[in-house]
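Take a look at the structure below.
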Amino acid sequence: MRRHPSTATLDAWLDGDHADPDLDVHIGRCERCAAELERRHASSDHDDAEQHLADALEAALAVPDDLTDRLHRGVTDRLSNREVAEVVGELFGAGFETARLLFLGANDDPR
Amino acid sequence: MTSGSVATESEIREGTIRGDTDPEAMHHLVTDHGDAVYRLALSIVRDPSLAEDVAQDSLVKAWLALPTLRDDTSLRSWLLRITHNTAISTLRRRRAIVVDPLEMPERPTAPDRSVENRVQSSVVIGDFMVALDTLDELSRSIVVLREIEGLSYDEIAALLDVPLPTVKTRLLRSRRKLGSALREWT
């Protein structure tokens, strides 16, 4: 296990100024570093704008008005197409089996 | 999750157990969870039409697999996990294809706010989306699942199959980065 990073390194990581894949892995698994980062973030004068994050995300990831109808149509169509494909597959399978029985007989092993 | 949606979840589960042609249960699945599925997909693939495709694909996969869902598993978390996995594999397939930047879809604009705020909001949301794009897919998923879907850290860790400290630390860093892009929002 890698040594715990310094507080300066943690601050830089939190600000996105420290690009180090090994550090990412360590911080992503280390409860102690996660707790330290939470403490440092809570005590810093980070922006009040974070309070509006959910509103901003909802705006940035806006859902089209008619999304539900479109999803419903799309899902229904995909399921119908899937059923048709299954029926066609079964028909081909039945045809193949009929031909096999006609030409090879019921007791012949085609392998 | 509200008690109303719990009742609906039960209807959805029963509907699919009765057979895969129950239109009412399908309608509940799409109506109750379609927005969340689409938002998570959009946060990962960053393309509205592709996100809709991922959402449909995820809902179909979920519908077909619903009879195998254990009773103690949250339908919403399970569905969002399917969506996350579908979006990530779609993105990986897409990255193998070279995309002409001129054919990239336009970014969605912010929903209508008051008239006097509209211009300012569109500028702010543009900055916010640039900041959102700089996050990796995992961080974007974590932010959406926490801030919009209101899932707990433990639920997010289980859903994304990542350690708990990853959820906590990625969320902190994402909040800081996105928060700085939102200074004009307030």
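A note on names: the letters A, B, ... follow the listed sequences, proteins ahead of strands, and every chain is numbered from 1.
In this structure, CG in B:Leu59 is found 10.0 Å from NE2 in A:His72, a value given to the nearest 0.5 Å. Here SG of A:Cys30 is found 11.0 Å from NZ of B:Lys168. Values are rounded to the nearest 0.5 Å.
Within the 4.5 Å cutoff, no side-chain heavy atoms of A:Val75 are placed close to those of B:Trp63. Looking at heavy atoms from C-beta onward, A:Ile27 lies out of side-chain contact with B:Thr166 at the 4.5 angstrom threshold. The side-chain heavy atoms of A:Glu31 and B:Pro165, taken from C-beta on, include a pair separated by under 4.5 Å. Put simply, the side chain of B:Glu147 does not reach to within 4.5 Å of the side chain of A:Glu58, judged on heavy atoms. Contact of the B:Arg46 side chain with the A:Leu61 side chain is registered, since non-hydrogen atoms from C-beta on lie closer than 4.5 Å. Two residues are said to be in side-chain contact when any heavy atoms from C-beta on lie closer than 4.5 Å; B:Gln56 and A:Thr76 fail this criterion.
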Q) Going through the checks in order, is the side-chain contact (heavy atoms from CB on, under 4.5 Å) test met by A:Leu57 and B:Arg39? A) CA-CA 9 Å; A:Leu57 278 169; B:Arg39 276 205 179 98; over 6 Å; no
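Of the atoms belonging to A:Arg70, heavy atoms from both backbone and side chain fall under 4.5 Å from chain B. Proximity to chain B (any heavy atom under 4.5 Å) is restricted, for A:Asp24, to the side chain, taken from C-beta onward. Heavy-atom distances place both the backbone and the side chain of B:Val143 under 4.5 Å from chain A.
Enclosure of atom CG in A:Asp66 by more than 12 non-hydrogen atoms of other residues, nucleotides or ligands within 6.0 angstrom is indicated.
The candidate from A:Val25, A:Leu37, A:Leu67, A:Thr68 with the greatest count of non-hydrogen atom pairs under 4.5 Å with chain B is A:Leu67. Looking only at heavy-atom pairs under 4.5 Å with chain A, the residue among B:Leu164, B:Asp57, B:Val37 that has the most is B:Asp57.
Heavy-atom minimum distance, B:Arg173 versus A:Trp13: CD-O, 2.8 Å. Closest non-hydrogen pair, B:Leu132 versus A:Ala60, comes out as CD2-CB, 4.4 Å. The two residues A:Ala56 and B:Leu182 make their nearest non-hydrogen contact at CB-CD2, 3.6 Å. Of all the heavy atoms in B:Ala55 and A:Leu71, the pair that sits closest is CB-CD2, 3.7 Å.
Of the candidates B:Leu171, B:Thr169, B:Leu172, A:His41 forms a side chain to side chain contact (heavy atoms under 4.5 Å, CB included) with just one, namely B:Leu172.
Two different hydrophobic clusters hold B:Leu135 and B:Val130 under the rule that ILVMFWY side chains link at heavy-atom gaps under 4.5 Å.
B:Asp53 and A:Arg78 are joined by a salt bridge, as a carboxylate oxygen and a charged side-chain nitrogen come within less than 4.0 angstrom of each other.
Proximity of a side-chain donor or acceptor of B:Arg176 to a complementary backbone N or O of A:Asp15 within less than 3.5 Å is not detected.
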